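Notes for the one structure printed next.
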Amino acid sequence: MRFLILLLLFARVLSAQVTHEDLLRADETPGNWLTYSGNFQGHRHSGLNEITPANVDQLRLKWAFQRRFREKFETTPLVVDGIMYLTVPPNEAYALDAETGVVLWEYKRSLPPKIIVCCGQVNRGLAIQGDRLFMATLDAMVIALDRKTGRLLWESDMIDYKLGYAATHAPLVVKDKVIVGVAGGEYGIRGFIDAYNVEDGEREWRFYTVPGPGEFGNGTWEGDSWKTGGASVWITGSYDPATNLTYWGTGNPGPDWNGDVRKGDNLFSDAVVALDADTGERKWHFQFTPHDVHDWDATQIMILVDRAFQGRDRALLITANRNGFYYVLDRVTGEFLHASEYVKQTWAERIDENGRPVRAPGKFPTEKGNKVFPMVAGGTNWMSPTYSPRTGLFYVTAREGSSIYFKGEAVYKPGTRFWGGHFRNQDQDEDWKGAIRALDPVTGALVWEHRMFKPAWAGLVSTAGGLVFGGSEEGYLKALDAKTGEQLWYINLGGRIIASPMTYESKGRQHVAVAAGNGLFVFTLPK
């Protein structure tokens with residue numbers, strides 16, 4: 001009998017393993033949420049359909065998880081077979097019962113006394129494979145935890161955090177590799193993307209997002225400016241199993257607002273790089289904003305869709321960029337296909353036939369200041385968009401407004417901010433506003449918009465039930481009709497929403513979860 005019990009327990013453990021094949025087929029198990037974006041393609045869409053436009057107004061709070069901290073709560077939880085895994089700032093991980101919110105285990109990482117980060121001590125989530133969870137940390141480490149106990153299994157040092165390097169995004173696990181990048185573009189770092197072995201944490205490859213001497217693209221940096229070039233990575237990439245390419249958006253060049261000390265296009269900053277997932281070899285790149293002087297990182301989620309484009313079936317990469325333009329690329333070759341404005345912008349006259357911006361004259365930062373659209377935080381930012389195969393629409397949190405950009409002195413000192421200027425937001429102007437917008441994914445044309453009082457920092461999730469969930473600066477979680485944008489339900493959670501909602505299933509019921517203020521709030525329909 002004892003042998004039988006042990007055998008059954010062993011079988012249960014094996015059945016709980018999350019394999020690479022499970023991650024590839026994440027859409028087939030919509031009750032779980034297996035990656036930061038829900039699937040490898042970055043869709044942040046769920047096949048769950050219990051909650052619909054007809055009943056969403058009946059949503060009720062089921063449970064809440066709260067902790068005391070001062071930082072922004074930007075996590076997206078994972079859910080696997082009734083267990084939720086999430087991060088809490090600065091570098092904590094928790095396993096919760098997804099039905100009740102009861103804490104099953106917790107992991108708290110001890111950090112050095114001085115962490116150098118530009119934008120808060122945040123952590124956006126975990127990755128999972130097998131019986132392991134993976135987290136990137138503020139002191140530039142990659143760690144593996146036992147998902148059953150939270151016990152630390154291994155840790156790997158990416159680079160010296162004291163130079164301004166950090167890691168804030170959820171890793172991406174592809175086959176036997178944990179893929180992560182480094183933040184710190186405001187500190188004159190040299191950005192890179194790493195892959196580590198899931199079993200032992202050994203580094204398998206590294207791709208520098210700022211090429212060195214003898215590497216392709218180094219000539220786009222004047223002199224030795226590549227050494228402090230930035231191009232950090234702080235949002236999770238996407239993956240296409242058909243091409244075995246992984247796609248990562250990169251951040252701004254350093255210094256942010258003074259381009260005089262780094263003349264040239266500054267590759268691969270403000271770009272998407274397509275890397276072979278096995279080797280890290282660059283297959284292609286596309287730069288959205290050459291020689292950026294407005295801090296318009298291209299770290300937005302790269303969404304992969306298969307659609308007809310001009311009468312031909314294409315494998316597409318679509319993304320709304322911080323610079324105010326929406327882009328469509330061929331994800332196999334990197335060929336530029338289309339760009340169009342989705343928010344007001346004044347820095348470019350147009351995007352040419354090769355995808356390169358034709359800059360409007362007189363829009364660079366100056367010592368006296370120069371007003372330019374979009375604002376420094378961009379037409380959108382790191383918050384997740386969503387693509388719904390059900391409606392065929394692309395949804396994005398859009399931010400309207402301008403900033404005044406000032407150029408200043410740019411002197412690099414290790415571990416200190418390397419800005420080369422500053423900015424002032426025009427947040428009292430009448431054009432300072434926000435919206436959730438639905439775009440045609442092929443043309444970028446506006447289909448509908450839901451206006452908001454302020455530019456929001458909350459991401460989106462779409463569902464097969466015909467809904468889009470989003471959030472606001474005032475703390476409202478909202479449900480919109482995915483076809484029309486009509487607001488169908490809302491609730492104020494008492495704190496800013498600076499995260500992206502997700503949805504999962506527990507005991508046969510659909511749940512919606514979002515981080516707001518200092519808590520994670522979970523909703524479901526009444527029985």
Side-chain angles (χ1 to χ4, degrees), residues 20 23-24 35-37 39-43 127 169-175 177-182 191-195 204-211 215-218 220 229 231-251 253 265-290 292 297-307 309 313-323 325-339 351 354-356 382 385 387 394 441:
H20 177 63
L23 298 176
L24 288 173
T35 71
Y36 176 77
S37 295
N39 63 9
F40 277 143
Q41 292 75 30
H43 290 177
H169 67 82
L172 182 72
V173 179
V174 177
K175 293 183 274 191
K177 295 178 177 60
V178 184
I179 306 177
V180 294
V182 284
F192 59 81
I193 301 167
D194 278 354
E204 301 282 348
W205 54 255
R206 170 169 290 181
F207 173 80
Y208 280 103
T209 55
V210 180
E215 298 175 340
F216 177 87
N218 178 257
T220 64
S232 57
V233 174
W234 44 278
I235 294 296
T236 309
S238 306
Y239 172 66
D240 180 9
T243 59
N244 197 40
L245 296 181
T246 182
Y247 307 88
W248 293 78
T250 64
D265 280 356
N266 308 140
L267 290 174
F268 299 102
S269 67
D270 288 0
V272 53
V273 291
L275 309 179
D276 184 291
D278 294 333
T279 66
E281 178 186 0
R282 180 185 60 87
K283 295 299 183 180
W284 60 261
H285 74 277
F286 179 85
Q287 190 175 39
F288 301 97
T289 312
D292 177 23
D297 301 59
T299 52
Q300 293 73 52
I301 297 289
M302 304 298 160
I303 292 183
L304 315 181
V305 300
D306 296 326
R307 296 285 295 253
F309 184 88
D313 290 340
R314 302 288 290 258
L316 303 177
L317 182 152
I318 59 176
T319 186
N321 192 264
R322 189 164 161 176
N323 69 13
F325 285 92
Y326 171 81
Y327 291 84
V328 182
L329 309 177
D330 184 302
R331 72 172 182 267
V332 178
T333 65
E335 177 188 358
F336 168 76
L337 299 176
H338 172 78
I351 304 296
N354 297 313
R356 190 176 180 89
W382 67 271
Y387 171 79
F394 172 90

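These figures come from a predicted structure and were not determined experimentally. Residue indices begin at 1 and follow the sequence shown.
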Contacts of [X] that satisfy ring-ring contact (aromatic ring centres under 6.0 Å, His included) - sequence neighbours left out:
| X | answer |
| --- | --- |
| His338 | none |
| Phe325 | none |
| Tyr36 | none |
| Phe309 | none |

List for me each residue that meets salt bridge (Lys or Arg N to Asp or Glu O under 4.0 Å) alongside [X], sequence neighbours excluded, and say none if there are none.
| X | answer |
| --- | --- |
| Asp276 | none |
| Lys283 | Glu281 |
| Glu204 | none |
| Arg206 | Asp194 |

What I want to find out is whether Arg331 reaches Asp240 closely enough, with some N-O distance under 4.0 Å, to be called a salt bridge.
yes
Partner residues of [X] under the side-chain hydrogen bond (donor to acceptor under 3.5 Å, both in side chains) criterion, sequence neighbours left out:
| X | value |
| --- | --- |
| Asp265 | Arg356 |
| Thr246 | Trp248 |
| Asp297 | Trp234, Arg322 |
| Asp292 | none |

Query raised in the report: Should the ring pair Phe268 and His285 be called parallel, tilted or perpendicular, given that the plane angle runs from 0 to 90° and is split at 30 and 60?
Result: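 Taking His285 first and then Phe268, their aromatic rings stand perpendicular (interplane angle over 60°).
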Which is it for Trp284 and Leu329 under the side-chain contact (heavy atoms from CB on, under 4.5 Å) test, yes or no, and what are the steps along the way? CA-CA 11 Å; Trp284 60 261; Leu329 309 177; 4.2 Å; yes
